[in-house]
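The chains referred to below are lettered A, B, ... by the order of the sequence lines, with proteins before strands, and numbering in each begins at 1. All values derive from a computational prediction rather than experimental measurement. Both backbone and side-chain heavy atoms feed into the values below; hydrogens, waters and symmetry mates do not.
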Amino acid sequence: MLRHTAKHLAQAILVLLGVVVLIFCLLQSIPGDPIQAMVGDMPVPPALRAALEERFGLNEPFFSRLYRYLANVLQGDLGYSMNYRRPVFDILAERFPRTLLLAGTGYSLGIVIGIAIGIHSAITPHRGVDQAWSSLVLIGYAMPTFWVGQLLVMLFAIQLGWLPTQGMGPMISRATGFDWVLERATYLALPVATYTILEATRVARFMRASVAETLEQGYIVTARQKGLSRREIIMGHVVRNSILPVITVMGYSFGTAMGGAVLLETVFSYPGVGSLMVESVRARDTQAIVGVVILIACSVVVMNIVVDLLYAWLDPRIRVSSSQG
Amino acid sequence: MSGKPAVSTLLSARDVKVHLRVHGRIVKAVDGVDLDVHPGQCVGIVGESGSGKSTLGRAMTRLLPNVELAELSGAVRFCGEDVLAMAPEAMRALRRHRGFSMVFQDPLSYLNPTLRIDRQLAEALRHLADRNAVRQRSEELLRQVGLDDTARILRLYPHELSGGMRQRVMIAMALAPDPQMLVADEPTTALDATVQYQVIQTLRRLNKERNLAMLIITHDLGMVAELCEHVYVMHGGKIVESADVFTLFDAPRNDYTASLLAAARRLHQTRSLV
Amino acid sequence: MSSLGARHSGGASFVWHTEDRAAGVARPQRRLSGVTTSASLDLLRRLFRTRFGGIGLVILVAISILSIFAPWFASSGPMELGAESMQPPSWAHPLGTDSLGRDVRSVILYAGRSSLLIGFSAAAMAFLIGGTIGALAGYFRGAVAVVLLRVTDLFHTLPAIIIVLFSVALVGSSFWLLVAAVALAIWPIEARLVYGQFIALSEREFVLAARAAGLSTSHIIFLEILPNALPTVTVQVSLDASAAILIEAGLGFLGLSDPTEPSWGEMLNRGQQFLELAWWMSVFPGMAICIAVLGFNLFADGLTEMFNPRASAKAPKLQS
Amino acid sequence: MSTPILSGRSIVKTFGARSWFGGSGKAKRAVDTVDLDVNEGETLAIVGESGSGKSTLARILLGLSTATSGEVAFYGRSMAGFAAPDWVTFRKSVQPIFQDPASSLNPRMRVDTTLSNVLLRHRLATRATLDSAIADLLGSVGLDADQFHDRYPHQLSGGQQQRIAIARAMAVRPKLIIADEPLSSLDMSVQAQILNLLVELKTSRNLGLVLISHDLNVVDAISDRVIVMYLGKVVEAGPTRQVLGNPANDYTRSLLAAKLVADPHLARARRLAMDSAAASATNFNPSDPKPDLRGATR
């Protein structure tokens, strides 16, 4: 298990390094003035140009530049945002927790609900119920993230007036304690619900297929032979074994959820890293964009490690073979 | 029947038909089969792929997989009760208390890969009072099928066992309700020759020591010769011949049986051996 | 994605020993390799026998016709600002008019062209990049595979929309650059899939036999392996097309797609500002995206079911 | 004696040795220092159970996989030094037959295409003579060309598929066939037919045959020499009569003891003999011939 973990950590670090190198190469390969590309669509004062040339060693050979760049990134120096006039790291530190709150909550709720729907859909004896779930899931799977957000806003915020349309809280809030939490929750409700719906459809689709596959396995026949009841078979054999393959795709799915943040935060004007990305793209604020990309790559890689470990922990076949080397 | 008086039949199938719908056509997988197994008797059903022998086995034990059935008819009496007509609840009770289990070809896929052997055995022993009793009985069952390192095996996962051990664990599980009969579908086909031989010996011992009746479904005439007293030959969904094992091998009455035997003799044409 | 592949290989060992295999001889002969009409008809018939494949194909054909022949179905050009702005749906404008006074129905129809084009071409390009890389890695193995797969992993780590935004920020968003950016974002899945297929198929005995017969590498790749990988790959290309449409819509929604082309995403971007006043400006373009994506997904589902009857969506029910 | 078609010296094949992070897996020797010679017109059987490395060895002999160390020579020339023309000669001389007939034919290729690919590749037929060449080939494996040439594999039975696979192997007029469990996935009556076909081809064309099998009955029926493999190593080798009639090795003996015979009289006689032997408590225990604890490593 320890060896398994170490191996995955090492691989993760390599992947991250690779991503940074890849980004560096992309930045380098852009034709034109590198300083201008780095700064974006803004006039470059000569002092800044000199400083940047010095900092990135632009007159040095490729590998030495790459080395400097990596060293900076490793020290948490992600550059300076011309658009916000702040270090990129500081902006990310402020915004990432918000995105994590939003995407993380929606992602977790979505997985739980999706698994439940998938199981129910696959094991219900009524073909009609299964068909209904399948159709809902298919439609949900086809809806663009931001459109779901818009629909929810139109329904719950505009038509029914239950919830605020955007933002993450009123500019000036006097609420404290529980009220403050509640107030926050009302602002988070719609974006989180959007996330949840989309993640749930993704998971449900996969889960249903997985349960269907499990039900065809020989050990289900064995369980029936032992005279176990339907309920006992489902709880004891079907659920756990069908969740395993779903776990394996959760890491990538988390990446998709983080990507969804870009669109959703824009719909709800939510000040997280997603809207930071969009604003920076619009302002051609390259340093900030690169910061967001690296951050998202990090979070996906971390999530992949978590998923790998979780899988290894749940599936004895991995656990044993890895502990033996 | 090889000396044993036919007091009563343990399992009797009468006019069993299993017709399936495959790609819109009706396939008569089992087409009017009669068959008897007496207490303590070891009966073989032998046939080639497509003969319907597996379908028959699974129909009789009510373990047909999810397929479109065009017809499932006839009577299968096990200890006097019609299995095919039983309510699901009664069927579960029958399986729990009297055991009417089937052992399959590929033991790996018939064991849950994520649970230790002890958990899987315990599920078959829920009629026992407490955990100690379950454990004792589990170890006893494993010893009965020739597995001695019981404490260790109980803590292992299926993939940590060899093929032969897995198949014996499957047999032990089938023995949990102390059944009078065991149905085995190609129980040794996936195993190596030496392991196959051990499993056959285990089955033979169980047949002798516990007077356990067996219905062995196989394509292997060698296995039939080794293990069975009475043989049914199946071809195209029908029983084409039913005879005592010696009679069948010495003087087959049916042409198909004769051709099977000829093929077997061609393959077993021994030059160097006894 | 590897787990998906693994899951198909599992399964109970019970095989229906019916006379089906022998009886297959009597079935009408299919010429899969020939492009005869009867073969295509037969494929179509099989597709329509699946749960969703037929619906998917009908949707795809319908939206293709509607957008290719947009002028026949539209009341005005996509950029014509003739009507009064923000009219709710009416007989003259069944889907209403937008804030610029354009007929929403007409814009949706014309915008379908760029959405579908981006879907098809990005999927095709992703297939070319990913397919080539996957095939190379899968056939040559060893160090080649390690390097190619690590590169694939790098791209796979980043969510598609992030990659697209990054490229747009760096090189801009004219139509073909956009197609390239989307393809760049989705090729890793294709590469993994093709790699997996190649690994699995090159261990199959007919490929070994072809190698043992001394047939050339290109013969083995293009005539032995590829035709057998094609069904799975086709399904993925269809899914890629739907992903591409969603990504393009996202970019349009962020106001970052090619500004000279009308697009569904851009319509939603405009609609976002008028959610309270003109619901039709958001609801209908969104529906258009949804239907197009659904069409590709259902088509892919149908193909999967057709090529792999065991994965049929008729879930087995637990019996007692 | 003339030069053997194929000879292997200390063939070793290991798996799972390389790793990116310093030997996290221990190399497993699938084939462990195997020597063998295959002569023209001779039938050599390689016997072993799953995991004995016999299929890996077959692939090495077929040149489909390279040995980790050791040398395989084709008519005395090391295959490591083969140039392209040498490979062509080799491919025309050594051909495989595989276990699973369904998998050994390309499901999307018609029978005639499968055969013509091989014939055209080695210029054994021209476009003009192709049809008759295919008909001859199909005839030689007992199939009617008119009926079978335009079939797809799924339209054939298992036995017919295996016949096509044999026809493909015979298309280049090879000197040696390496057959990896050619019978074990077929029905018994078909097995006998295919076995007869192999024997017939072998005698009529002076074909060498390497028969890889776990079935001692088949091996005994047709082979001249036997190699017994266990966990990658050769434990016994020699003329069939000697090895199977008077085995020197314990493992070979246990294989023989486990052999089933389709004869209830013989089976009963053997049982009785065994029971009395067990009663007199000899040291050889046929029900436990080898430790059965290999699951985790396989």
Task: D:R110 and D:D150: CA distance, side-chain angles, deciding distance, salt bridge (Lys or Arg N to Asp or Glu O under 4.0 Å) verdict - done: CA-CA 6 Å; D:R110 278 171 22 171; D:D150 61 351; 5.3 Å; no
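- With hydrogens and angles left out, the side-chain atoms of B:N112 and B:T114 include a donor and acceptor closer than 3.5 Å.
- When the heavy atoms of residues 215-228 of chain B are compared with those of chain D, the residues falling under 4.5 Å are B:H219, B:D220, B:L221, B:G222, B:M223, B:A225, B:E226, listed by number.
- Here D:H265 is the residue among D:H214, D:Q191, D:H265 with the most heavy-atom pairs under 4.5 Å with chain B.
- In this structure, a donor-acceptor pair under 3.5 Å is present between the side chains of D:T240 and D:S223.
- A search for side-chain contact (heavy atoms from CB on, under 4.5 Å) contacts involving B:T257 returns B:V233, B:V240, B:E241, B:L248, B:P252, B:N254, B:L261, not counting sequence neighbours.
- Side-chain N/O atoms of D:S185 and D:Q99 include no donor and acceptor closer than 3.5 Å.
- The distance from the CE atom of D:M229 to the CD atom of D:E49 is 12.5 Å, given to the nearest 0.5 Å.
- Between B:R204 and B:Q201, the side chains place a donor N or O and an acceptor N or O closer than 3.5 Å (distance only, hydrogens not considered).
- For the side-chain contact (heavy atoms from CB on, under 4.5 Å) with B:P158, the qualifying choice from B:L115, B:L111, B:V169 is B:L111, the only one to do so.
- Heavy atoms of other residues, nucleotides or ligands lying less than 6.0 angstrom from CZ of D:R268 number 12 at most.
- Remark: B:Y256 engages B:H235 in a ring-ring contact (aromatic ring centres under 6.0 Å, His included) (not counting sequence neighbours).
- Considering only heavy-atom pairs separated by less than 4.5 Å from chain B, the leading option among D:A258, D:P264, D:S184 is D:P264.
- For residues 192-204 of chain D, heavy-atom neighbours of chain B at less than 4.5 Å comprise D:A192, D:L195, D:N196, D:V199, sorted by residue number.
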